[in-house]
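Written out below as structure tokens is the structure these notes cover.
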Amino acid sequence: MNLISCCRWEEANHEDGVKWKFLEHKGPYFAVPYEPLPEDVHFCYDGEPMKLSLAAEEVATFYGKMLDHEYTTKEAFQKNFFGDWRAEMTKEERKIIKHLDKCDFTEIHKYFFDRNEERKALPKAEKQKLKEEASKLQEEYGYCILDGHREKIGNFKTEPPGLFRGRGDHPKMGMLKMRIRPEDVIINCSKDSTIPEPPPGHKWKEVRFDNTVTWLASWTENIQSAIKYIMLNPSSKLKGEKDWQKYETARRLKDVVGHIRSQYRKDWKSREMKKRQIAVALYFIDKLALRAGNEKEEGETADTVGCCSLRVEHIQLFPELDGQKHVVEFDFLGKDSIRYYNKVPVEKEVFKNLKRFMENKDPDDDLFDRLPTSTLNKHLQDLMDGLTAKVFRTYNASITLQNQLKELTNAEDNVAAKILSYNRANRAVALLCNHQRALPKTYEKSMQNLQAKIDAKEEQLKEAKKELKKAKAEHKKYNTEKTKKELEKKKKQKERLEEQLEKLKLMATDKEENKQIALGTSKLNYLDPRISVAWCKKFGVPIEKIYNKTQRDKFAWAIAMTNEDFEF
DNA sequence: AGCGAAACTTAGAATGGCGCGT
DNA sequence: ACGCGCCATTCTAAGTTTCGCT
């Protein structure tokens, strides 16, 4: 292990709750002020050009920029936008602009589209200059000093104003996200540090010196009244140690999970209904890697659920389905409105319990009544110190990777084949955690291209087979050295083509299976990096093949401490 | 104990940029 | 050189858990 890393990860910890002793930074970098449209770019109302006040114009540009986005076709988006936009208008503007469908943003849209194209077409030198400016900004605002280490900040810019883009069917989509001013921002740093200066003519909302939290600055956003934070980059010691701790907790679960499983199996037969509910919920969380499922405020967010907030309408019971007994069909929207759809055979007791939980309930009633996540987590806390619902996701994801790697890796394979095995193992985890992505826009086309290649190859193979047959016949007929050679050659050719075809087909399968699966989320958040580091060492795969630069920075702690015998 | 607020992790989409085949 | 497809990075929304108050 190298000395620097060793010291860095093994420095003495602070006393309870204290996250740092010294913290110094420059405060957030604010979004650039609005730049008015040129005179020749018009907003039109009812077919007539109309000059807008600065504030109204800025909001109009937010919508204009998004004109080709699906969002702007949604009624809720339009309605929310229009309401918030009108609030920014002058009285006179409000009197005129009464209907969104009479608003013409096309010139605005074109203006920003063209500007974007111009920027993309900039000569190399100009682009280089822009890049250097960005890196200067990063140097100045992107780092802080925390306990003597210069650490990278995760997000050092305030979020620019714009239109809120919620996920799924979000009731607030299209609302105006206000510009953040220094007067909105709370600064957190050390008393004895150089306290960041607000931009000239401005004041901070507050400067505080709270070393029990890790954030450097915060503000409250206007859509959900939620607090936004400026925090450190995952490569920082503070985040790294927390990450390490997370996986250590998951490893402790490994030791007691057997006991916990037999306990919840017993509890399926408890006389107490509440105990049964906890036991079934926990079974789902463990077996299916469901999230806890906190309650959400109705009408404030998209209607999504997790385990505890499942409703009767989200599951269907089949005593028998496709030759399997006691099948539960799940169909609900989870985090980010990603659909969870799964048909799972469950134990008879679980099935019976679910039936009871659903008795005399409406479709929109809670499946687990009176089971808030706090109750579940309290129960888990009693089973193991530090155990919460999400630890199961971490544990099951990591142990799945480890097991899959053991099963799929072939020591004799070359590096490329080993990486394929790794990705397969990774995919099993992504499937478990239901990590999905939208179909890539280019998917259809690239798949067609691939299919065309496959077709061409099949044609070639057919031809080669024909020739082989001919060569065989020739050889049989004449049986000379020459015909023998020819036969061998044709055989080889056929085999090579078959191999190539297999490879292409494999690629297609891989692409098909991966089209809606996102591997990154589990890799970054659920898989103990030490499993991957150990696997790389054991099988001689360079770590760079598994983790890119960012990921290596984030997992520096694991890369520094892990040898090939690590067991999760 | 129960709550709302605060803090922190996890998430997919959008954007940026780079390498590869033509 | 150029376009395009893919991977990395950025962005910020949406979760979970913890905190702190009554």
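Below, all heavy atoms of this structure are taken into account, side chains as well, without hydrogens, waters or symmetry copies.
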I want to check one thing: is the phosphate of [N], taken as OP1 and OP2, less than 4.0 Å away from some side-chain N or O of [X]?
X: Thr301(A); N: dA14(C); result: no
X: Asn294(A); N: dT16(C); result: yes
X: Thr388(A); N: dT16(C); result: no
X: Lys549(A); N: dT9(C); result: no
X: Asn155(A); N: dT10(C); result: no

- Task: Would you verify whether the NZ or CZ of Lys177(A) falls within 45 degrees of the ring axis of Phe164(A) while also being under 6.0 Å from that six-membered ring's centre?
- Result: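 Relative to the ring axis of Phe164(A), which defines the angle, Lys177(A) lies outside at least one limit.
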**Asked** When you measure from the centre of the six-membered ring of Tyr143(A), is the NZ or CZ of Arg150(A) under 6.0 Å away and within 45° of the axis?
**Response**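 Arg150(A) over Tyr143(A) ring: yes.
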Mind checking if [X] touches a base, just sugar-phosphate, or nothing, with heavy atoms under 4.0 Å?
X: Gly520(A); result: nothing
X: Ala438(A); result: sugar-phosphate
X: Pro234(A); result: nothing
X: Gly306(A); result: nothing
X: Arg167(A); result: base
X: Ser218(A); result: nothing
X: Lys172(A); result: nothing
X: Glu221(A); result: nothing
X: Lys120(A); result: nothing
X: Ala226(A); result: nothing
X: Ile338(A); result: sugar-phosphate

Separation of [X] atom [atom1] from [N] atom [atom2], in whole Å?
X: Gln551(A); N: dT10(C); atom1: CD; atom2: C1'; result: 14 Å
X: Lys157(A); N: dT10(C); atom1: NZ; atom2: P; result: 9 Å
X: Lys296(A); N: dG15(C); atom1: NZ; atom2: C1'; result: 8 Å
X: Phe392(A); N: dT16(C); atom1: CZ; atom2: C1'; result: 15 Å
X: Leu376(A); N: dT16(C); atom1: CG; atom2: P; result: 11 Å
X: Asn377(A); N: dT16(C); atom1: CG; atom2: C1'; result: 8 Å
X: Met175(A); N: dA13(C); atom1: CE; atom2: C1'; result: 15 Å
X: Asn233(A); N: dT10(C); atom1: CG; atom2: C1'; result: 11 Å

_For Phe330(A) and Phe332(A), take the angle between the two ring planes, folded into 0 to 90°, and tell me which bin it lands in: parallel under 30, tilted 30 to 60, perpendicular over 60._
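Judged by the thresholds at 30° and 60°, the geometry between Phe330(A) and Phe332(A) is perpendicular.
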Would you please classify the geometry between the Trp85(A) ring and the Phe81(A) ring as parallel, tilted or perpendicular, with 30° and 60° separating the classes?
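Answer is parallel, since the angle falls under 30°.
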Does any part of the side chain of Leu288(A), heavy atoms only, come nearer than 4.5 Å to the side chain of Tyr283(A), both counted from C-beta?
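Side-chain contact under 4.5 Å: no.
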Margin query: Nearest heavy atom decides the nucleotide; on that basis, is Asn434(A) or Tyr229(A) closer to the 5' end of DNA chain B?
Written below: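 Final value for this comparison: Tyr229(A).
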Between Lys131(A) and Lys390(A), which residue's closest nucleotide on DNA chain B lies nearer the 5′ terminus?
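The 5'-side residue here is Lys390(A).
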So that I know where these two stand, are His314(A) and Tyr340(A) an aromatic pair - ring centroids less than 6.0 Å apart?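 Distance test on ring centres: not under 6.0 Å, no.
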Q. Is the backbone N or O of Thr249(A) less than 3.5 Å from a side-chain atom of Asp385(A), with the two atoms forming a donor-acceptor pair by type?
A.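 Flag not set: sc Asp385(A) to bb Thr249(A) has no pair under 3.5 Å.
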Note to self: Looking at Arg370(A) and Glu272(A), is any side-chain nitrogen of the basic one under 4.0 Å from a carboxylate oxygen of the acidic one?
What the structure shows: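 No, no charged N to carboxylate O under 4.0 Å.
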Query raised in the report: Salt bridge check: are Lys237(A) and Glu241(A) linked by an N-O gap of less than 4.0 Å?
Result: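 Salt bridge: yes.
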Hey, which sits more toward the 5' end of DNA chain C by its nearest nucleotide, Thr212(A) or Cys307(A)?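 Counting from the 5' end, the first nearest nucleotide belongs to Cys307(A).
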Quick check: on DNA chain C, is the nucleotide nearest Gly386(A) upstream (toward 5') of the one nearest Lys228(A), or the reverse? Name the residue that is more 5'.
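Residue closer to the 5' terminus by nearest nucleotide: Lys228(A).
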| message | For chain A and DNA chain B, what are the first and last nucleotides along the strand, 5' to 3', with at least one atom under 4.0 angstrom from a heavy atom of the protein chain? | response |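 Using the under 4.0 Å cut-off, the span is dA6(B) to dC18(B).
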